[in-house]
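Please read these numbers as outputs of a predicted model, since none were measured by experiment.
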Amino acid sequence: VPTLSLVLRVVGAVNVKQFGATGDGVTNDTSAIQAAEDYARPLKRKVYFPEPSVEYRTEAPLIGGTYTNWEGENANCFIVKYGNVTSGLPVRIAPERPTVNDTMDVDAVLVIDHADNAFAVHVTLKNLYFKNAVSNGTSVDYGVYNPRTFFYKTNRVTVDGCDNGFFHYVAFQTTFNEAYAVNCSTAGFKWSDDGSGGGTGTSVVLTRPYAQNCGRGYDISGLVYSHIDTPSCDRAGDIAYFFSTCKGLSVTALGMEAQTTGTYGILISGGKVTINGLDDRDTSPSITKLELNSSARVTINGGAFSDFTTPASAYNLAITGGSHLIANNTSFSTNANSFVSYGGGSSRVDTNDGVITLRNSTTSSAIGPAFIRQSLTTNITAFAGGGQSSAVELSTKVHEISTVASAGDSVKLPVPEAGKSRTIIVINRGANSLNVYPNLGAAILPTGTNLPVSIAAGANKRFTSWSAIRWAEI
């Protein structure tokens, strides 16, 4: 007995079996499926795929376009392409880019065609499994070839065994929900630069995409103000994540696992990318876990990179070509033969446990929590009776001592850190002279160890440190 949800989905839809598709894995269902699509699309109706007994066998690319709307009964709706016959479609002029021509005569399981100077719009794919036949001598070039789309949606769609899984030149207002790319030798999810410099799309959202055993899990160029939520990539053959010239791209909860071959874990070339949450498990690419180049600007919040299983000569991290990384509460690999490579005016800023560290090719400078407090602290009362041990300890940069009840009442400087410059300003607004002591065991030059410097009422003094035991009055 069909469920109510199934009945509601099927009502008004065009069933591929009504047009002769068998799903028996032996009969060539290409013509039947294409006939159903050609009938349904002008009417803006859905094409429905009942679960096949084996698979829907195709021997040429299926062709859709504007208003293509396909839904399988469940995730076992296999559409499998045998052979490498191409679509036979003519070249199309790209919309908004009249000097760019799109090759449409491609070897793909499904081609989303577009008219000259127009996008394919309102395309929906749901509960479908596009696959290259195992018996093919060579793999199909594309699972789903979508060169130019607008308002494009996929939900629980898988591509298996093709060179490229989901391929785009430009996509606007696009959503992928639980899309899977498996065994795609070139790339699972690919946004390709068409050479025009116009970018590859905006407002694209991928939710829980998964790439497994792909050459590049995610090969994304030129995507702008878009978001990837909870992506995962297992066993990448070359690069798990490659982002090139993307601007305003945010990635949340990025995962990569079990990469034992290939060149990079994450490669970011140019653009501006933010990664919020990252977990790397058991990956050992041959060059770098994370590389930034070509003036990339990258922020990583809450990331954890595992150590290499086989570090060889790889870098844990490489930042080159004027690129800059800000890493907040992020841990990097530590066991590769070369720890960090910087080049071309690149830098890295780490914030961990309240300490900010700036690194480049020649220096590493850390700023602790107390060093970044620049506020004025007022209404401080000096310790009555004076002395070092119980003196009020100063903690910020500028201090206004408002009450000095008796001459010699005291405050003391904080503990300085070796190799880190720090400045403290003390303003005496009290009625009497104030004694300023160093921290215990230190000295304020030119006085001796544990001896104070006096500040007259109404006066102020500046102190600086550069070692753990020494301050100087300047």
Side-chain angles (χ1 to χ4, degrees), residues 75 125 143-144 146 152-160 162 164-168 171 173-192 200-259 262-269 271-283 285 288-292 296 298-306 327 330:
L125 305 173
V144 184
N146 317 269
Y152 177 94
K153 299 178 183 178
T154 70
N155 190 5
R156 294 191 296 275
V157 175
T158 299
V159 173
D160 185 353
C162 301
N164 294 278
F166 300 89
F167 181 92
H168 299 264
Q173 297 290 335
T174 291
T175 58
F176 282 81
N177 182 50
E178 296 180 5
Y180 305 116
V182 184
N183 304 316
C184 296
S185 58
T186 299
F189 299 86
K190 186 172 180 63
W191 269 255
S192 182
T200 61
T202 63
S203 302
V204 174
V205 177
L206 286 78
T207 302
R208 295 190 299 278
Y210 177 52
Q212 182 186 65
N213 293 328
C214 297
R216 295 182 177 183
Y218 303 81
D219 186 348
I220 299 178
S221 297
L223 207 53
V224 180
Y225 55 88
S226 294
H227 179 63
I228 305 175
D229 186 5
T230 325
S232 56
C233 183
D234 292 354
R235 297 187 288 277
D238 181 21
I239 304 172
Y241 296 87
F242 177 38
F243 302 126
S244 175
T245 62
C246 296
K247 299 176 183 178
L249 177 65
S250 66
V251 184
T252 301
L254 178 153
M256 57 183 185
E257 296 187 27
Q259 181 183 355
T263 53
Y264 301 92
I266 302 173
L267 175 60
I268 303 177
S269 181
K272 297 180 180 179
V273 177
T274 299
I275 300 173
N276 294 305
L278 178 154
D279 189 58
D280 154 44
R281 300 185 182 186
D282 302 321
T283 65
T288 311
K289 281 285 186 96
L290 170 65
E291 176 164 324
L292 279 57
V298 178
T299 300
I300 299 177
N301 300 309
F305 288 86
S306 66
T330 294

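Defined by atom type and a distance below 3.5 Å, a donor-acceptor pair is present between the side-chain atoms of Tyr210 and Asp234. A donor-acceptor contact closer than 3.5 angstrom is absent between the side chains of Thr252 and Asn276.
By the 4.5 Å heavy-atom criterion applied to side chains, Thr274 and Asn301 are counted as neighbours. Residues Phe242 and Lys190 have side chains not in contact (no heavy-atom distance under 4.5 Å, counting atoms from C-beta outward). For the pair Val157 and Phe166, the minimum side-chain heavy-atom distance is below 4.5 Å. Using a 4.5 Å heavy-atom cutoff, the side chains of Leu206 and Pro231 are not in contact. Looking at Leu278 and Tyr241, their side chains never come closer than 4.5 Å, going by heavy atoms from C-beta outward. Put simply, the side chain of Ile266 does not reach to within 4.5 Å of the side chain of Asp280, judged on heavy atoms. By the 4.5 Å heavy-atom criterion applied to side chains, Asn177 and Arg208 are counted as neighbours.
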Practice task
Could you walk me through whether Phe243 and Val251 pass the side chain to side chain contact (heavy atoms under 4.5 Å, CB included) test, one step at a time?
Solution key: CA-CA 11 Å; Phe243 302 126; Val251 184; 4.1 Å; yes
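Minimum heavy-atom separation, Thr330 to Ala327: CB-CB, 4.0 Å. A pairwise comparison of heavy atoms in Cys214 and Ala181 identifies SG-O, 3.5 Å as the closest pair. Gln259 and Ala240 make their closest contact through OE1-CB, 4.0 Å (heavy atoms, listed as atom of the first residue, atom of the second, distance). Nearest approach of Ser226 to Leu223, heavy atoms of both residues: OG-CG, 3.7 Å. Val159 and Asn164 get closest at one heavy-atom pair: CG1-O, 4.3 Å. Taking every heavy atom of both residues into account, Thr200 and Ser192 meet most closely at CG2-O, 3.5 Å.
Only one option out of Thr175, Thr174, Asn146 pairs with Tyr152 in a side-chain hydrogen bond (donor to acceptor under 3.5 Å, both in side chains); it is Asn146.
Here the OG-CG distance, from Ser306 to Asp279, works out to 8.0 Å after rounding to the nearest 0.5 Å. Separation of atoms OG1 (Thr230) and CG (Leu254) is listed at 9.5 Å; rounding is to 0.5 Å. With rounding to the nearest 0.5 Å, the separation of CG in Asn183 from CG in Asp160 is 5.0 Å. Between the CZ atom in Arg216 and the OG1 atom in Thr186 there is a gap of 9.0 Å [rounded to 0.5 Å]. Interatomic distance, Cys233 SG to Tyr218 OH, rounded to the nearest 0.5 Å: 6.5 Å. With rounding to the nearest 0.5 Å, the separation of OG in Ser203 from NE2 in His227 is 12.5 Å.
Ring orientation note: the planes of Phe176 and Trp191 are nearly perpendicular, at an angle over 60° on the 30°/60° scale.
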